[in-house]
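Below is one structure; the comments refer to it alone.
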2 protein chains.
Amino acid sequence: MTQAPSIPGQADPLDVARRTLARYIADKGLKSTRQRDLIAETFLSQGEHLRVEQLLKLVRTLDSRVSAATVYRTMKLLSECGLASQHHFGDGQTCYEPAVGRHHHDHLICTRCHAIIEFESDRIEALQGTIARRHGFLVTHHRLELYGLCAACLASGAVAEPEKVKEKKPKPAEVPARR
Amino acid sequence: MTQAPSIPGQADPLDVARRTLARYIADKGLKSTRQRDLIAETFLSQGEHLRVEQLLKLVRTLDSRVSAATVYRTMKLLSECGLASQHHFGDGQTCYEPAVGRHHHDHLICTRCHAIIEFESDRIEALQGTIARRHGFLVTHHRLELYGLCAACLASGAVAEPEKVKEKKPKPAEVPARR
DNA sequence: GTAAGTGCAAACGTTTTGCAATGAA
DNA sequence: TTCATTGCAAAACGTTTGCACTTAC
(Lines give C-alpha, C1' and ligand atoms only; values in the text may rest on other atoms or scores of the structure.)
Protein backbone atom coordinates (compact mmCIF):
# COMPACT_ATOMS: atom_id res chain seq x y z
CA MET A 1 0.00 0.00 0.00
CA THR A 2 0.94 3.62 0.13
CA GLN A 3 4.33 3.84 1.71
CA ALA A 4 5.15 6.77 3.94
CA PRO A 5 7.77 8.88 2.21
CA SER A 6 10.05 9.40 5.19
CA ILE A 7 12.35 12.36 5.08
CA PRO A 8 15.87 11.14 4.45
CA GLY A 9 18.69 11.90 6.85
CA GLN A 10 16.48 11.72 9.92
CA ALA A 11 15.84 9.30 12.74
CA ASP A 12 13.22 6.57 12.48
CA PRO A 13 9.87 8.39 12.38
CA LEU A 14 8.28 5.85 14.67
CA ASP A 15 10.93 6.52 17.27
CA VAL A 16 10.61 10.25 16.87
CA ALA A 17 6.89 9.89 17.32
CA ARG A 18 7.24 7.84 20.47
CA ARG A 19 9.55 10.39 21.97
CA THR A 20 7.35 13.30 20.95
CA LEU A 21 4.38 11.68 22.61
CA ALA A 22 6.33 10.88 25.78
CA ARG A 23 7.52 14.46 26.02
CA TYR A 24 4.05 15.85 25.39
CA ILE A 25 2.58 13.61 28.06
CA ALA A 26 5.26 14.58 30.56
CA ASP A 27 4.99 18.30 29.81
CA LYS A 28 1.25 18.37 30.23
CA GLY A 29 1.26 16.35 33.41
CA LEU A 30 -0.64 13.57 31.71
CA LYS A 31 -0.11 9.89 32.25
CA SER A 32 1.18 7.10 30.14
CA THR A 33 -1.32 4.29 30.11
CA ARG A 34 -1.54 0.85 28.59
CA GLN A 35 -4.42 1.87 26.31
CA ARG A 36 -2.80 5.09 25.22
CA ASP A 37 0.41 3.33 24.27
CA LEU A 38 -1.44 0.55 22.55
CA ILE A 39 -3.53 2.91 20.45
CA ALA A 40 -0.62 5.19 19.59
CA GLU A 41 1.62 2.26 18.69
CA THR A 42 -1.04 0.64 16.55
CA PHE A 43 -1.83 3.87 14.78
CA LEU A 44 1.75 4.96 14.19
CA SER A 45 3.02 1.61 13.03
CA GLN A 46 0.12 1.25 10.65
CA GLY A 47 1.51 4.22 8.79
CA GLU A 48 -1.64 4.84 6.80
CA HIS A 49 -4.91 6.65 6.56
CA LEU A 50 -7.05 5.02 9.16
CA ARG A 51 -10.63 5.60 10.12
CA VAL A 52 -11.38 5.56 13.81
CA GLU A 53 -13.52 2.53 13.28
CA GLN A 54 -10.70 0.62 11.60
CA LEU A 55 -8.24 1.68 14.25
CA LEU A 56 -10.58 0.54 17.00
CA LYS A 57 -10.92 -2.82 15.32
CA LEU A 58 -7.16 -3.20 15.05
CA VAL A 59 -6.62 -2.19 18.65
CA ARG A 60 -9.27 -4.60 19.82
CA THR A 61 -7.50 -7.53 18.25
CA LEU A 62 -4.80 -6.79 20.82
CA ASP A 63 -7.04 -5.81 23.69
CA SER A 64 -10.73 -6.39 23.25
CA ARG A 65 -11.70 -4.21 26.16
CA VAL A 66 -10.53 -0.89 24.73
CA SER A 67 -13.46 1.45 24.25
CA ALA A 68 -14.24 3.67 21.30
CA ALA A 69 -14.23 6.67 23.61
CA THR A 70 -10.61 6.02 24.49
CA VAL A 71 -9.63 5.76 20.85
CA TYR A 72 -11.32 9.07 20.11
CA ARG A 73 -9.68 10.67 23.12
CA THR A 74 -6.28 9.33 22.23
CA MET A 75 -6.48 10.36 18.60
CA LYS A 76 -7.42 13.84 19.71
CA LEU A 77 -4.31 13.81 21.86
CA LEU A 78 -2.12 12.64 19.00
CA SER A 79 -3.54 15.40 16.84
CA GLU A 80 -2.77 17.98 19.48
CA CYS A 81 0.85 16.98 19.70
CA GLY A 82 1.19 16.91 15.94
CA LEU A 83 1.59 13.18 15.50
CA ALA A 84 -1.63 12.69 13.60
CA SER A 85 -3.51 14.74 11.10
CA GLN A 86 -7.23 14.58 10.82
CA HIS A 87 -9.18 14.27 7.59
CA HIS A 88 -12.78 14.08 6.52
CA PHE A 89 -13.03 12.57 3.10
CA GLY A 90 -16.71 13.25 2.74
CA ASP A 91 -17.97 9.88 3.90
CA GLY A 92 -18.92 11.23 7.28
CA GLN A 93 -16.12 9.48 9.09
CA THR A 94 -13.02 10.93 10.61
CA CYS A 95 -9.79 9.58 9.24
CA TYR A 96 -6.33 10.03 10.72
CA GLU A 97 -2.90 9.69 9.25
CA PRO A 98 0.50 9.75 10.89
CA ALA A 99 2.11 13.15 10.52
CA VAL A 100 5.65 12.68 11.73
CA GLY A 101 8.58 12.45 9.37
CA ARG A 102 6.30 13.08 6.43
CA HIS A 103 6.19 15.72 3.80
CA HIS A 104 2.94 17.50 3.36
CA HIS A 105 0.91 15.86 0.65
CA ASP A 106 -2.54 15.87 -0.87
CA HIS A 107 -4.91 13.14 -1.95
CA LEU A 108 -6.56 11.47 -4.86
CA ILE A 109 -9.64 9.66 -3.58
CA CYS A 110 -11.41 6.97 -5.52
CA THR A 111 -15.14 7.34 -5.03
CA ARG A 112 -15.68 3.73 -5.97
CA CYS A 113 -13.14 1.64 -4.08
CA HIS A 114 -12.11 4.34 -1.62
CA ALA A 115 -8.46 3.95 -2.41
CA ILE A 116 -6.43 6.93 -1.28
CA ILE A 117 -3.43 7.93 -3.33
CA GLU A 118 -1.06 10.58 -2.09
CA PHE A 119 0.72 13.15 -4.14
CA GLU A 120 2.84 16.22 -3.68
CA SER A 121 3.03 19.27 -5.85
CA ASP A 122 5.34 22.12 -5.03
CA ARG A 123 3.94 24.04 -7.94
CA ILE A 124 0.40 23.86 -6.62
CA GLU A 125 1.59 24.82 -3.16
CA ALA A 126 3.38 27.80 -4.63
CA LEU A 127 0.27 28.92 -6.48
CA GLN A 128 -1.76 28.55 -3.31
CA GLY A 129 0.68 30.86 -1.59
CA THR A 130 0.29 33.41 -4.32
CA ILE A 131 -3.47 33.32 -4.10
CA ALA A 132 -3.50 33.62 -0.33
CA ARG A 133 -1.14 36.57 -0.47
CA ARG A 134 -3.36 38.24 -3.01
CA HIS A 135 -6.22 38.09 -0.51
CA GLY A 136 -4.16 39.11 2.50
CA PHE A 137 -4.85 35.68 3.92
CA LEU A 138 -2.53 33.74 6.20
CA VAL A 139 -2.78 30.05 5.41
CA THR A 140 -2.24 27.69 8.30
CA HIS A 141 -3.19 24.53 6.49
CA HIS A 142 -4.96 23.43 3.41
CA ARG A 143 -6.72 20.56 1.84
CA LEU A 144 -6.65 19.50 -1.76
CA GLU A 145 -8.59 16.44 -2.71
CA LEU A 146 -9.25 15.12 -6.18
CA TYR A 147 -12.21 12.77 -6.31
CA GLY A 148 -12.93 10.37 -9.09
CA LEU A 149 -12.03 6.90 -10.29
CA CYS A 150 -8.64 5.33 -9.75
CA ALA A 151 -6.80 3.51 -12.52
CA ALA A 152 -7.84 0.12 -11.17
CA CYS A 153 -11.52 0.98 -11.10
CA LEU A 154 -11.30 2.52 -14.56
CA ALA A 155 -9.62 -0.63 -15.84
CA SER A 156 -12.31 -2.83 -14.32
CA GLY A 157 -14.85 -0.91 -16.34
CA ALA A 158 -16.47 0.87 -13.45
CA VAL A 159 -19.15 3.38 -14.19
CA ALA A 160 -18.85 6.64 -12.31
CA GLU A 161 -21.45 5.44 -9.81
CA PRO A 162 -19.98 6.01 -6.36
CA GLU A 163 -20.66 3.42 -3.70
CA LYS A 164 -22.46 4.28 -0.53
CA VAL A 165 -19.27 3.95 1.58
CA LYS A 166 -19.50 1.48 4.36
CA GLU A 167 -16.31 -0.43 3.98
CA LYS A 168 -17.20 -3.70 2.40
CA LYS A 169 -15.20 -2.79 -0.63
CA PRO A 170 -13.24 -5.32 -2.64
CA LYS A 171 -10.30 -3.06 -3.20
CA PRO A 172 -8.67 -3.44 -6.59
CA ALA A 173 -4.90 -3.63 -6.54
CA GLU A 174 -3.26 -0.27 -6.46
CA VAL A 175 -1.64 0.92 -9.62
CA PRO A 176 1.96 2.10 -9.41
CA ALA A 177 2.17 5.74 -10.33
CA ARG A 178 4.48 7.15 -12.91
CA ARG A 179 6.35 10.04 -11.50
CA MET B 1 -20.22 39.76 1.24
CA THR B 2 -18.84 37.56 -1.41
CA GLN B 3 -20.60 38.40 -4.62
CA ALA B 4 -21.40 35.66 -7.06
CA PRO B 5 -19.31 36.19 -10.20
CA SER B 6 -22.02 35.64 -12.76
CA ILE B 7 -20.96 34.69 -16.24
CA PRO B 8 -21.35 37.70 -18.51
CA GLY B 9 -23.54 37.57 -21.58
CA GLN B 10 -26.10 35.25 -20.02
CA ALA B 11 -29.59 35.52 -18.61
CA ASP B 12 -30.24 36.31 -14.98
CA PRO B 13 -28.92 33.30 -13.05
CA LEU B 14 -31.88 33.36 -10.69
CA ASP B 15 -34.22 33.07 -13.61
CA VAL B 16 -32.19 30.33 -15.20
CA ALA B 17 -32.27 28.50 -11.90
CA ARG B 18 -36.03 28.82 -11.56
CA ARG B 19 -36.52 27.44 -15.04
CA THR B 20 -34.06 24.63 -14.51
CA LEU B 21 -35.87 23.57 -11.37
CA ALA B 22 -39.27 23.76 -13.02
CA ARG B 23 -38.06 21.62 -15.90
CA TYR B 24 -36.44 19.09 -13.58
CA ILE B 25 -39.61 18.84 -11.51
CA ALA B 26 -41.74 18.37 -14.60
CA ASP B 27 -39.41 15.81 -16.18
CA LYS B 28 -39.24 13.67 -13.09
CA GLY B 29 -42.96 13.76 -12.46
CA LEU B 30 -42.42 15.61 -9.21
CA LYS B 31 -44.60 18.34 -7.86
CA SER B 32 -44.15 22.00 -7.29
CA THR B 33 -45.05 22.83 -3.73
CA ARG B 34 -45.20 25.90 -1.62
CA GLN B 35 -42.37 24.71 0.64
CA ARG B 36 -40.17 23.64 -2.24
CA ASP B 37 -40.54 27.00 -3.96
CA LEU B 38 -40.01 28.87 -0.75
CA ILE B 39 -36.82 26.99 0.10
CA ALA B 40 -35.43 27.17 -3.42
CA GLU B 41 -36.21 30.85 -3.72
CA THR B 42 -34.68 31.65 -0.36
CA PHE B 43 -31.58 29.65 -1.09
CA LEU B 44 -31.03 30.92 -4.61
CA SER B 45 -31.66 34.55 -3.86
CA GLN B 46 -29.36 34.38 -0.89
CA GLY B 47 -26.57 33.73 -3.37
CA GLU B 48 -24.12 32.54 -0.76
CA HIS B 49 -22.68 29.66 1.15
CA LEU B 50 -25.44 28.65 3.48
CA ARG B 51 -25.58 25.98 6.12
CA VAL B 52 -28.77 23.98 6.27
CA GLU B 53 -29.45 25.35 9.68
CA GLN B 54 -29.09 28.95 8.51
CA LEU B 55 -31.29 28.27 5.53
CA LEU B 56 -33.92 26.70 7.75
CA LYS B 57 -33.88 29.75 9.97
CA LEU B 58 -34.28 32.05 6.98
CA VAL B 59 -37.09 29.99 5.56
CA ARG B 60 -38.85 29.91 8.89
CA THR B 61 -38.98 33.68 9.07
CA LEU B 62 -41.28 33.35 6.06
CA ASP B 63 -43.12 30.22 7.10
CA SER B 64 -42.51 28.99 10.61
CA ARG B 65 -43.99 25.57 9.96
CA VAL B 66 -41.41 24.37 7.44
CA SER B 67 -39.56 21.36 8.81
CA ALA B 68 -35.86 20.63 8.74
CA ALA B 69 -36.59 17.40 6.89
CA THR B 70 -38.12 19.32 4.02
CA VAL B 71 -35.14 21.62 3.81
CA TYR B 72 -32.81 18.64 3.67
CA ARG B 73 -34.95 16.95 1.06
CA THR B 74 -35.21 20.08 -1.04
CA MET B 75 -31.49 20.80 -0.93
CA LYS B 76 -30.82 17.26 -2.04
CA LEU B 77 -33.14 17.90 -4.95
CA LEU B 78 -31.40 21.15 -5.84
CA SER B 79 -28.08 19.35 -5.76
CA GLU B 80 -29.39 16.67 -8.07
CA CYS B 81 -30.48 19.14 -10.67
CA GLY B 82 -27.22 21.02 -10.44
CA LEU B 83 -28.55 24.17 -8.81
CA ALA B 84 -26.66 23.74 -5.59
CA SER B 85 -23.29 22.35 -4.69
CA GLN B 86 -22.64 20.73 -1.39
CA HIS B 87 -19.66 21.41 0.84
CA HIS B 88 -18.31 20.25 4.15
CA PHE B 89 -15.91 22.77 5.56
CA GLY B 90 -14.82 20.62 8.43
CA ASP B 91 -17.20 21.95 11.02
CA GLY B 92 -19.45 18.95 10.74
CA GLN B 93 -22.19 20.81 8.97
CA THR B 94 -23.31 20.61 5.39
CA CYS B 95 -23.12 23.86 3.51
CA TYR B 96 -24.68 24.60 0.12
CA GLU B 97 -23.95 27.24 -2.42
CA PRO B 98 -25.83 28.20 -5.57
CA ALA B 99 -24.22 26.62 -8.60
CA VAL B 100 -25.96 28.19 -11.55
CA GLY B 101 -24.26 30.78 -13.68
CA ARG B 102 -21.11 30.34 -11.73
CA HIS B 103 -17.61 29.33 -12.62
CA HIS B 104 -16.03 26.60 -10.60
CA HIS B 105 -14.08 28.07 -7.73
CA ASP B 106 -12.29 27.11 -4.55
CA HIS B 107 -12.25 28.57 -1.07
CA LEU B 108 -10.22 30.39 1.49
CA ILE B 109 -11.75 29.72 4.90
CA CYS B 110 -11.00 31.78 7.97
CA THR B 111 -10.74 29.49 10.97
CA ARG B 112 -11.44 32.38 13.29
CA CYS B 113 -14.42 34.24 11.87
CA HIS B 114 -15.52 31.56 9.40
CA ALA B 115 -15.52 33.98 6.51
CA ILE B 116 -15.42 32.23 3.16
CA ILE B 117 -13.55 33.82 0.29
CA GLU B 118 -13.77 32.38 -3.18
CA PHE B 119 -11.05 32.20 -5.74
CA GLU B 120 -10.38 30.66 -9.11
CA SER B 121 -7.12 29.45 -10.51
CA ASP B 122 -6.88 27.96 -13.95
CA ARG B 123 -3.25 27.23 -13.33
CA ILE B 124 -3.98 25.11 -10.27
CA GLU B 125 -6.76 23.31 -12.14
CA ALA B 126 -4.34 22.56 -14.95
CA LEU B 127 -1.78 21.16 -12.55
CA GLN B 128 -4.43 19.01 -10.93
CA GLY B 129 -5.20 17.55 -14.32
CA THR B 130 -1.55 16.77 -14.88
CA ILE B 131 -1.27 15.01 -11.55
CA ALA B 132 -4.41 12.98 -12.08
CA ARG B 133 -3.22 11.92 -15.51
CA ARG B 134 0.10 10.84 -14.06
CA HIS B 135 -1.79 8.46 -11.75
CA GLY B 136 -4.20 7.20 -14.36
CA PHE B 137 -6.94 8.79 -12.32
CA LEU B 138 -10.18 10.22 -13.71
CA VAL B 139 -11.18 13.25 -11.67
CA THR B 140 -14.89 13.89 -11.37
CA HIS B 141 -14.66 16.71 -8.89
CA HIS B 142 -12.22 18.22 -6.49
CA ARG B 143 -11.94 20.33 -3.46
CA LEU B 144 -9.30 22.86 -2.61
CA GLU B 145 -9.60 24.70 0.64
CA LEU B 146 -7.06 26.98 2.22
CA TYR B 147 -7.61 27.42 5.95
CA GLY B 148 -6.14 30.18 8.02
CA LEU B 149 -6.76 33.77 9.02
CA CYS B 150 -8.44 36.28 6.78
CA ALA B 151 -7.15 39.81 6.36
CA ALA B 152 -9.74 41.21 8.78
CA CYS B 153 -8.79 38.77 11.55
CA LEU B 154 -5.11 39.37 10.97
CA ALA B 155 -5.67 43.10 11.18
CA SER B 156 -7.58 42.78 14.43
CA GLY B 157 -4.53 41.08 15.90
CA ALA B 158 -5.95 37.60 16.13
CA VAL B 159 -3.60 34.91 17.28
CA ALA B 160 -3.45 31.85 15.08
CA GLU B 161 -5.53 29.98 17.62
CA PRO B 162 -8.45 28.49 15.72
CA GLU B 163 -11.66 28.44 17.66
CA LYS B 164 -13.45 25.30 18.57
CA VAL B 165 -16.03 26.00 15.86
CA LYS B 166 -19.34 26.21 17.51
CA GLU B 167 -19.91 29.75 16.61
CA LYS B 168 -20.09 31.75 19.78
CA LYS B 169 -17.27 33.80 18.38
CA PRO B 170 -16.86 37.53 18.52
CA LYS B 171 -16.39 38.05 14.85
CA PRO B 172 -14.31 41.03 13.73
CA ALA B 173 -15.92 41.95 10.45
CA GLU B 174 -18.99 40.37 8.94
CA VAL B 175 -20.79 37.63 10.84
CA PRO B 176 -23.06 34.88 9.62
CA ALA B 177 -24.47 33.73 12.94
CA ARG B 178 -25.80 30.38 13.83
CA ARG B 179 -28.01 29.05 16.58
C1' DG C 1 -58.29 9.86 -7.15
C1' DT C 2 -53.61 9.07 -7.05
C1' DA C 3 -49.20 9.76 -6.20
C1' DA C 4 -45.83 12.89 -4.35
C1' DG C 5 -44.76 15.91 -0.51
C1' DT C 6 -45.19 17.27 4.17
C1' DG C 7 -44.38 17.48 9.34
C1' DC C 8 -43.37 14.98 13.05
C1' DA C 9 -40.94 11.99 15.77
C1' DA C 10 -38.09 8.37 15.93
C1' DA C 11 -33.91 6.28 14.08
C1' DC C 12 -29.42 6.83 12.38
C1' DG C 13 -24.16 6.76 12.64
C1' DT C 14 -20.50 9.15 14.49
C1' DT C 15 -18.54 11.55 18.15
C1' DT C 16 -18.62 13.49 22.87
C1' DT C 17 -19.62 13.52 27.72
C1' DG C 18 -20.87 12.45 32.75
C1' DC C 19 -19.72 9.48 36.02
C1' DA C 20 -18.15 5.88 39.05
C1' DA C 21 -14.37 2.82 39.05
C1' DT C 22 -9.47 2.15 37.97
C1' DG C 23 -4.73 2.90 37.87
C1' DA C 24 -0.32 5.65 37.21
C1' DA C 25 2.54 8.79 39.65
C1' DT D 1 -3.05 9.62 48.10
C1' DT D 2 -4.11 12.02 44.28
C1' DC D 3 -5.80 13.01 40.10
C1' DA D 4 -5.66 11.60 35.17
C1' DT D 5 -7.74 7.95 32.63
C1' DT D 6 -10.84 4.38 31.64
C1' DG D 7 -15.22 1.91 30.19
C1' DC D 8 -19.74 2.27 29.99
C1' DA D 9 -23.95 4.15 28.88
C1' DA D 10 -26.26 8.13 27.79
C1' DA D 11 -26.29 12.34 25.32
C1' DA D 12 -25.32 15.16 21.49
C1' DC D 13 -24.85 16.21 16.82
C1' DG D 14 -26.38 16.66 12.03
C1' DT D 15 -28.95 14.02 9.01
C1' DT D 16 -32.30 10.52 7.27
C1' DT D 17 -36.42 7.84 7.41
C1' DG D 18 -41.18 5.73 8.40
C1' DC D 19 -45.53 7.00 8.63
C1' DA D 20 -50.08 9.12 8.62
C1' DC D 21 -51.82 13.27 6.79
C1' DT D 22 -52.02 16.74 3.16
C1' DT D 23 -51.71 18.58 -1.31
C1' DA D 24 -50.68 19.15 -6.32
C1' DC D 25 -51.84 17.44 -10.41
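Convention: sequence-line order gives letters A, B, ...; per-chain numbering from 1. These figures come from a predicted structure and were not determined experimentally.
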Exercise. Between the side-chain atoms of Arg51(B) and the base atoms of dG14(D), is any donor-acceptor pair under 3.5 Å?
Worked result: no
For this session: Starting from C1' on dA4(C), measure out to CG on Asp27(B) and report it in whole angstrom.
Result: 16 Å
Exercise. Once you round it to whole Å, what is the distance between P of dG23(C) and CD of Gln35(A)?
Worked result: 9 Å
Seminar exercise, completed: Separation of dA4(D) atom C1' from Leu77(A) atom CG, nearest Å, is 12 Å
Exercise. Sub-3.5 Å donor-acceptor pair from the side chain of Thr74(B) to the main-chain atoms of Val71(B), do we have one?
Worked result: no
Exercise. What are the two closest non-hydrogen atoms of Ser85(B) and Ala99(B), and how far apart are they?
Worked result: N-CB, 4.0 Å
For this session: Would you mind telling me which residue lines up with the more 5' stretch of DNA chain C, His88(A) or Leu30(B), judged by nearest nucleotide?
Result: Leu30(B)
For this session: Would you mind telling me which residue lines up with the more 5' stretch of DNA chain D, Thr94(B) or Arg73(A), judged by nearest nucleotide?
Result: Arg73(A)
Exercise. If you check the Ser67(B) side chain, which of dG7(C), dT15(C), dG7(D) turns out closest?
Worked result: dG7(C)
Exercise. Between the side chains of His141(A) and His104(A), is a donor N or O closer than 3.5 angstrom to an acceptor N or O?
Worked result: no
Problem set entry | Shortest side-chain distance from Ala69(A), nucleotide among dG7(C), dC8(D), dA24(C) | dC8(D)
Exercise. Just how far, in rounded Å, is P of dA3(C) from NZ of Lys31(B)?
Worked result: 9 Å
Problem set entry | Between P of dG23(C) and CD1 of Ile25(A), the distance in whole Å | 18 Å
Problem set entry | Distance in angstrom units between Asp63(A) CG and dT22(C) P, rounded | 16 Å
Exercise. Would you say the side-chain atoms of His49(A) and His107(A) include a donor-acceptor pair closer than 3.5 Å?
Worked result: yes
For this session: Taking only the side-chain nitrogens and oxygens of Thr33(A), find out if one of them lies under 4.0 Å from OP1 or OP2 of dT6(D).
Result: yes
Seminar exercise, completed: Of the listed dT15(C), dG14(D), dG7(C), the closest approach to the Tyr72(B) side chain comes from dG14(D)
Seminar exercise, completed: Closest to the side chain of Gln93(B), out of dG7(D), dT15(C), dG14(D), is dG14(D)
Seminar exercise, completed: Arg65(B) atom CZ is separated from dT22(D) atom P, nearest whole Å, by 13 Å
Exercise. When we call it a touch if two heavy atoms are under 4.0 Å apart, what does Arg34(A) touch: a base, just sugar-phosphate, or nothing?
Worked result: nothing
Exercise. Are any non-hydrogen side-chain atoms of Tyr24(A) and Leu77(A) less than 4.5 angstrom apart?
Worked result: yes
Problem set entry | Rounded interatomic separation in angstrom, taking CD from Gln54(A) and C1' from dG13(C) | 16 Å
